[in-house]
Amino acid sequence: MRSSILAPPAAPTTTPGAFLTWGARLQWRTLVGGLVFGVIWMTAIALVPWAIGRGLDAGVVHDDPGALLRWALILTGLSVLVGGGGAARHWFAVENWLSGAFRTIVVADEAITTRGQEIGRQLPTGDVVSIASNDMEKIGGVYDVTARFSGAIVSYVVVAVLLLRQSVVTGLVVLIGSPVLLALLSLIIKPLQARQAAQREEAGRLTTLGTDTVAGLRILRGIGGEREFVGRYAAQSQRVRRAGVRVAGYQAALDASQTLLPGLFVVLVVWIGARSVIAGELTPGELVAFYGYATFMSFPLRTVTEMVDKFIRFRVAAGKVQGLLRIESDHPARPAGAPVPVDGDVVDPESGARMPSGRLTGIVSTRPEESAALAARLGRVGVESAVTLGGIPLADMPIDHVRAHVLVNDPDSRLFHGTVREQLSAGRTVPDAHLVEAVDAAWARDVLLAQAAGLDGIVEEKGRGFSGGQRQRLGLARALAIDPPVLVLIEPTSAVDAHTEARIGASLAQERRGRTTVVATVSPLLLTHTDHVVLLVDGVAVAEGRHADLVREHAAYRSIVLRGGDDE
């Protein structure tokens, strides 16, 4: 069961019904457990009026103390079943709710981590955030109610049979009247579902607006735009409120039916039972049992109504999750037998650039975006790539192999909340000694020393407690700690001073000796330590060689590099 939550198979993206069935197959054991105890629990409750009625007739009306004791013991046994079955049913219900909810988070997280760029282009941030904050609860809710729903159906049949045995008219009223009254709910279900979907859309837009505002708060304050965004947020909040009000009317009608429908049954069944007693067709004990049945019937009917409500919410939430899962990756899966080289020259046919295996290669361009585009192709990051590794196109390799062998580190290194150790190891098991070595190679020891707990020090979200240079050096240290066969660095020292930059260049060459490393930069302090440099002009490699030779012999290269600072 736990493994199905942590690593579930691919979820269907066709219909909410298929999504529901998929989840049920993965947790069928707990669903069956909940069903069994739900039936025991609610059927025991249904039989309590029967035991009371029989005890009254046999023990009180006929003045039989033995019969009264016997039915009292039966009633006690039913009470034990109600208590024990209810506790077990509740345990399974909570397990089912948690399994359904957290499985939703797992499949959504898997989609986001593997297709994050594609999802970001097609879905607002708010829609994605709402899956974890709202939709997962609604998906788990439908699995939660299954135990009570199964008990409601079985107990309804049991009570109907008991009523038919004692009064055919009353039994038929229950059997026929309940489905008819519940069918009236269809007048509420469809408009309620449509309004809930509209509310979900508006709430997602509000979440997106909030996250965008928070992310750009510093810029907003700089340009005095707080009032504008406060107004936009207030307007969207009102749209969410109005959508909620439109939902409220139908939701109130559905909730009211949970009291109205059972109430009609109580009145109708008691009225028919009272007339039967007057006519001599029922005993006093049977009348008491009839009243108990009528009162009990409110329980399964409310549960059925709740199931309808939960399923409506489930359909809306599952549709949003499936919309996320339907977004296809830019990197389709390759055949299992595709070749997977581990070494060799890296060649980009589009630009003509060649990065020799085991060498530190610098990429210099007249425009920074050209170097960034080449780096994206080298790692198959969000673009189609004709780059080859060891003579085999990256496009023919499984994307997980590419990710394991080629790491692209951009200048704006992202840090997340957690310990320094977690930031540097990136989910891998890396010895502390190796982490410290990577920190020293990135000349970030000052960052580590500033943490009282060292590697156990806490990094705030997005590394807010660090300067731009410190974040950049920690990002470089993380890339070095991962130690991929091919490392691509985009302007790794753009936020540090020249003295630190020169030391990073020397330690980078030493740390990555014998492994393929590509550095997109125009800094002579880094290029001095490279083994090979490629010059791009208009995205095409026009020259290559050692840095010192290109500075001396190539005017265009000399102009680009020396414009960035003093020569070596």
Side-chain angles (χ1 to χ4, degrees), residues 114 117 330-331 334 338-365 370-414 424-428 430 434 437-438 441-442 472 475-493 504-505 507-521 526-527 529-536 539 541 544 547:
T114 57
Q117 291 184 331
D330 290 340
H331 312 297
R334 298 293 171 176
V340 284
V342 296
D343 201 1
D345 292 351
V346 180
V347 179
D348 176 43
E350 184 172 332
S351 64
R354 181 184 65 86
M355 283 61 70
S357 175
R359 308 281 293 280
L360 175 57
T361 300
I363 300 295
V364 176
S365 175
E370 293 175 354
S371 300
L374 173 58
R377 293 196 299 272
L378 295 179
R380 273 182 67 187
V381 180
V383 295
E384 290 297 326
S385 175
V387 171
T388 62
L389 172 59
I392 299 176
L394 294 182
D396 290 339
M397 302 180 195
I399 189 61
D400 56 347
H401 177 85
V402 177
R403 293 288 176 265
H405 283 74
V406 183
L407 172 63
V408 178
N409 187 68
D410 61 36
D412 185 21
S413 299
R414 301 295 180 91
L424 298 177
S425 60
R428 296 167 171 80
V430 182
H434 184 58
E437 181 182 337
Q472 190 174 65
L476 176 59
R478 177 172 57 195
L480 294 175
I482 294 172
D483 195 23
V486 179
L487 175 59
V488 182
L489 303 172
I490 305 174
E491 295 291 350
T493 57
I504 289 176
S507 60
L508 177 64
Q510 179 64 33
E511 182 72 15
R512 293 288 299 174
R513 187 176 304 279
R515 292 185 294 284
T516 306
T517 308
V518 181
V519 183
T521 183
L526 288 183
L527 293 170
H529 300 283
T530 59
D531 302 311
H532 184 74
V533 179
V534 176
L535 172 63
L536 300 180
E544 60 181 289
H547 167 68

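These values consider heavy atoms only, across backbone and side chains, with no hydrogens, waters or symmetry-generated copies.
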Report task. Compare every heavy atom of Pro492 with every heavy atom of Leu526, then report the nearest pair and how far apart it is. Result -> CD1-CG, 4.0 Å
Query raised in the report: So, for Ile363 and Ser371, which heavy atoms are closest and what is the spacing to 0.1 Å?
Result: CG2-OG, 4.0 Å
Query raised in the report: Side chain of Asp345, backbone of Gly390: donor and acceptor closer than 3.5 Å?
Result: no
Query raised in the report: Hey, are the side chains of Val534 and Val364 touching, using non-hydrogen atoms and a 4.5 Å cut-off?
Result: no
Report summary line: The salt bridge (charged side-chain N to carboxylate O under 4.0 Å, His left out) partners of Glu511 (sequence neighbours excluded) come to none
Requested in this report: Only counting residues at least two apart or in another chain, list the ones meeting side-chain contact (heavy atoms from CB on, under 4.5 Å) with Ala372.
Outcome: none
Which pairs of donor and acceptor atoms, one on a side chain in residues 475-487, lie under 3.5 Å apart (sequence neighbours left out)?
from   : atom 1 : to     : atom 2 : distance (Å)
Arg478 : NH1    : Arg414 : O      : 2.9
Arg478 : NH2    : Arg414 : O      : 2.9
Asp483 : OD1    : Arg512 : NH1    : 3.1
Asp483 : OD1    : Arg515 : NE     : 2.7
Asp483 : OD1    : Arg515 : NH2    : 3.3

Report task. Without swapping roles, check the side chain of Ser385 against the backbone of Arg380 for a donor-acceptor pair under 3.5 Å. Result -> no
Query raised in the report: Closest approach of Gly358 and Thr516, non-hydrogen atoms and distance?
Result: N-OG1, 2.9 Å
Report task. Can you see which heavy atom on Gly379 is nearest to which on Val406, and at what distance? Result -> CA-CG1, 3.9 Å
Query raised in the report: Taking only residues two or more places apart in sequence or in another chain, which ones pass salt bridge (charged side-chain N to carboxylate O under 4.0 Å, His left out) with Glu544?
Result: Arg354
**Report entry** Approximate separation, where rounding is to 0.5 Å, of Leu489 CG and Leu407 CG
**Finding:** 8.0 Å
Query raised in the report: Is any side-chain heavy atom of Leu527 closer than 4.5 Å to a side-chain heavy atom of Thr521?
Result: yes
Query raised in the report: Got a sec, which residues hit salt bridge (charged side-chain N to carboxylate O under 4.0 Å, His left out) with Glu437, two or more places apart in sequence or on another chain?
Result: none
Requested in this report: State the CG-CG distance between Leu394 and Leu378, to the nearest 0.5 angstrom.
Outcome: 8.0 Å
Query raised in the report: So which heavy atom on His532 is nearest to which on Pro356, and how close?
Result: CD2-CD, 3.8 Å
Query raised in the report: So, His405 side chain and His401 main chain: donor-acceptor pair closer than 3.5 Å or not?
Result: yes
Query raised in the report: How would you list, by chain and number, every residue that makes a side-chain contact (heavy atoms from CB on, under 4.5 Å) with Ser351, sequence neighbours excluded?
Result: Asp348, Ala353, Leu374, Arg377, Leu536
